K.L.:
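Could you have a look at this structure, given as structure tokens, before my questions?
All values derive from a computational prediction rather than experimental measurement. Computed from heavy atoms alone, side chains included, the values below leave out hydrogens, waters and symmetry copies.
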2 protein chains.
Amino acid sequence: MMFKKVLIAEDHESANISVQKTLADLGIPPADYVFYCDDALTRIQKALKNDDPYDLLITDLSFEEDHQQQKISAGTELIKAAKNMQSDLKTIVFSAENKQVVIAALFKELGINGYVRKARNDAKELKKAIDCVYKNKTYTSVDLRQAIKDKNSYELTDYDITIISLLSKGIIQKEIPIYLQKNNIKPSGLSSVEKRFNLMREVLEFSNNEQLIAYCKDMGII
Amino acid sequence: MMFKKVLIAEDHESANISVQKTLADLGIPPADYVFYCDDALTRIQKALKNDDPYDLLITDLSFEEDHQQQKISAGTELIKAAKNMQSDLKTIVFSAENKQVVIAALFKELGINGYVRKARNDAKELKKAIDCVYKNKTYTSVDLRQAIKDKNSYELTDYDITIISLLSKGIIQKEIPIYLQKNNIKPSGLSSVEKRFNLMREVLEFSNNEQLIAYCKDMGII
DNA sequence: GCTTTCCTTACGGGAAACCGTAAGCCGATA
DNA sequence: TATCGGCTTACGGTTTCCCGTAAGGAAAGC
């Protein structure tokens, strides 16, 4: 009738507690919970060995580093490793991440089944998400759905992101060609770089590169 | 023996739930909880009127805006207003903020009694904090790290942040003086603006303004 | 009163960025 | 092969930015 064996990976104790409670509210048996990605992966592996695999993984994205050395320190890596181990594992990400690009990538590149943002009604959202995912649908929090739709924006190419990154790291524009040539990225001419920035500013209706950098930071592009 | 009447102000439902549970673990009667600052203030006022004031306020710092128009939209303002209404109200802040300067200001300027950062052992920390505050001591979670913070001992002034903001919004440098004059911000001369940017780049060892913008975005300054 | 000092601003030369034009390169097609 | 079209680059002129210098201007001190 519902998920039976759930694993929670979340470093914040308080968040971990409330996810446990949310699962309990749904009548799901007490879930296993861990505070480190490495532990999560170990659990998944053990469960597979014992022929009693997890039905669902609920994980955060950012895990804070502390004295405990960990191999895996990010939710994305955990998901990747977990799916690699058990490809049919359902996954819901429960995170404060708010950047559409990043979240879209989770669905597209990692094949997650649901995303719930830590926000006002996150507990209710999480319940809905679990329900949806159980029914083999994907779920995205309501406050994000619109944002993704709104994103009719111009799509930056890898090349664009590369040169924007260089600029944001302090490489001045006229020296960008040097770095492009070193990495065999073409076009590498200064003129091409200039034109590319010009096009980006024009399309996004920005008046300077600083605004472009700010935009990319907000969108999680860089 | 312990706090009797506690109010929780926290917009994230999940965080709210876990604070409630933490209080329950301590044998504190079910606390009132609200998701908006305005509601919190109303509750405090009503409790005072009924001669049954709150013993403790546990509040977040950042509250997300939504469709509901609110007068108070930040934890700091809530605390200020609450203390103004009931000066002996004990206050514990429960937030993800980890900039020491900001937290120090909470103790110094708002007279809060405890600070617990949303982090790995936050539920345990919160229990300790409640215990400490009940015994009329103040509490700060040991956890506060300032790894990146310490490196930039140089603090950006309000003026700095203003002109950086303008730049990131697409105002080109030579037009910044116009905006400064309109808002009666001095110095407003282009030369002063230039010098200020120059100083910031020098101190932070940046080579262009794009890098400065990226830095400020990462730090949450803008 | 008059310095002294600090802050602000104006100015100017040089560097970088901006932007249009035109030339060069290369693959595709007839 | 020759021609075309698209992409890349080189080259200038203009604007903006960068940065040192020096001139104003206000407050503090003698």
K.L.:
Please determine if B:Arg120 forms a cation-pi arrangement with A:Tyr36, meaning its NZ or CZ atom is less than 6.0 Å from the six-membered ring centre and no more than 45° off the ring axis.
P.N.:
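Pair B:Arg120/A:Tyr36 counts as cation-pi.
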K.L.:
Give, ordered by number, those residues of residues 172-193 of chain B having at least one heavy-atom distance below 4.0 Å to an atom of DNA chain D; if nothing qualifies, reply none.
P.N.:
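Within residues 172-193 of chain B, the residues near DNA chain D are B:Ile172, B:Gln173, B:Lys174.
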K.L.:
Within this structure, what is the CD-OG1 distance for the pair B:Glu125 and B:Thr22, rounded to the nearest 0.5 Å?
P.N.:
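It is 11.5 Å, given to the nearest 0.5 Å.
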K.L.:
Is there a side-chain polar atom (N or O) of B:Arg196 under 4.0 Å from OP1 or OP2 of C:dT8?
P.N.:
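False: B:Arg196 side-chain N/O out of range (4.0 Å or more) of C:dT8 OP1/OP2.
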K.L.:
Five pairs at each end of the helix from C:dG1-D:dC30 to C:dA30-D:dT1: take the axis at both ends and give me the angle between them to 10°.
P.N.:
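That helix has its two terminal axes inclined by roughly 10°.
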K.L.:
Rounded to whole Å, please give me the gap between CG in A:Leu212 and C1' in C:dC18.
P.N.:
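About 15 Å, once rounded to whole Å.
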K.L.:
Taking the six-membered ring for Trp and the full ring for Phe, Tyr or His, determine whether the centres of A:Tyr115 and A:Phe107 are under 6.0 Å apart.
P.N.:
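No - the distance between ring centres of A:Tyr115 and A:Phe107 does not fall below the 6.0 Å cut-off.
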K.L.:
Return the value, rounded to whole Å, for the distance between atom NZ of B:Lys195 and atom P of C:dC11.
P.N.:
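About 14 Å, once rounded to whole Å.
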K.L.:
Taking the basic N atoms (NZ, or NE/NH1/NH2) and the acidic carboxylate oxygens, is any pair closer than 4.0 Å for B:Lys118 and A:Glu13?
P.N.:
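No, B:Lys118 and A:Glu13 are not salt-bridged.
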K.L.:
Could you check how far CG of A:Asn198 sits from C1' of C:dA17, rounded to whole Å?
P.N.:
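For the pair A:Asn198 CG and C:dA17 C1', the rounded distance is 11 Å.
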K.L.:
Measure CE/A:Met200 against P/C:dC19 and give the value in whole Å, please.
P.N.:
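Roughly 13 Å, once rounded to whole Å.
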K.L.:
Could you tell me whether A:Asp131 and A:Lys135 make a salt bridge, using a distance below 4.0 angstrom between a side-chain N and a carboxylate O?
P.N.:
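Looking at A:Lys135 together with A:Asp131, the answer is yes, because their closest N to O distance falls below 4.0 Å.
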K.L.:
Give a yes or no on whether B:Asp158 atom CG has more than 12 heavy-atom contacts from other residues, nucleotides or ligands under 6.0 Å away.
P.N.:
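No.
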K.L.:
Set out, in order, the CA-CA distance, both residues' side-chain angles and the distance that settles salt bridge (Lys or Arg N to Asp or Glu O under 4.0 Å) for B:Lys217 and A:Asp218, then state yes or no.
P.N.:
CA-CA 8 Å; B:Lys217 280 287 178 190; A:Asp218 285 339; 3.0 Å; yes
K.L.:
Could you tell me whether the side chain of B:Asn198 and the main chain of B:Lys195 form a donor-acceptor pair under 3.5 Å?
P.N.:
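Side chain of B:Asn198 to backbone of B:Lys195: no pair is present.
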K.L.:
Hey, is OH on B:Tyr179 packed in by over 12 heavy atoms from elsewhere, all under 6.0 Å?
P.N.:
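No, not enclosed.
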K.L.:
Between which nucleotides of DNA chain D, read 5' to 3', does contact with chain B run, using atoms under 4.0 Å from its heavy atoms?
P.N.:
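With heavy atoms of chain B under 4.0 Å away, the range is D:dT16 to D:dT21.
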K.L.:
One thing to verify: whether B:Asp32 and B:Arg43 come together as a salt bridge, which I'm taking to mean a side-chain N less than 4.0 angstrom from a carboxylate O.
P.N.:
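A salt bridge links B:Arg43 with B:Asp32.
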K.L.:
Please check if any side-chain donor atom of A:Asn209 sits under 3.5 Å from a side-chain acceptor atom of A:Arg201, or the reverse.
P.N.:
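Checked: A:Asn209/A:Arg201 side chains pair up, N/O donor to acceptor below 3.5 Å.
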K.L.:
Measure CG/B:Leu199 against P/C:dC6 and give the value in whole Å, please.
P.N.:
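Those two atoms, CG and P, are 16 Å apart.
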K.L.:
Rounded to whole angstrom units, what separation is found between the CD atom of B:Glu194 and the C1' atom of C:dT8?
P.N.:
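From B:Glu194 CD to C:dT8 C1': 13 Å.
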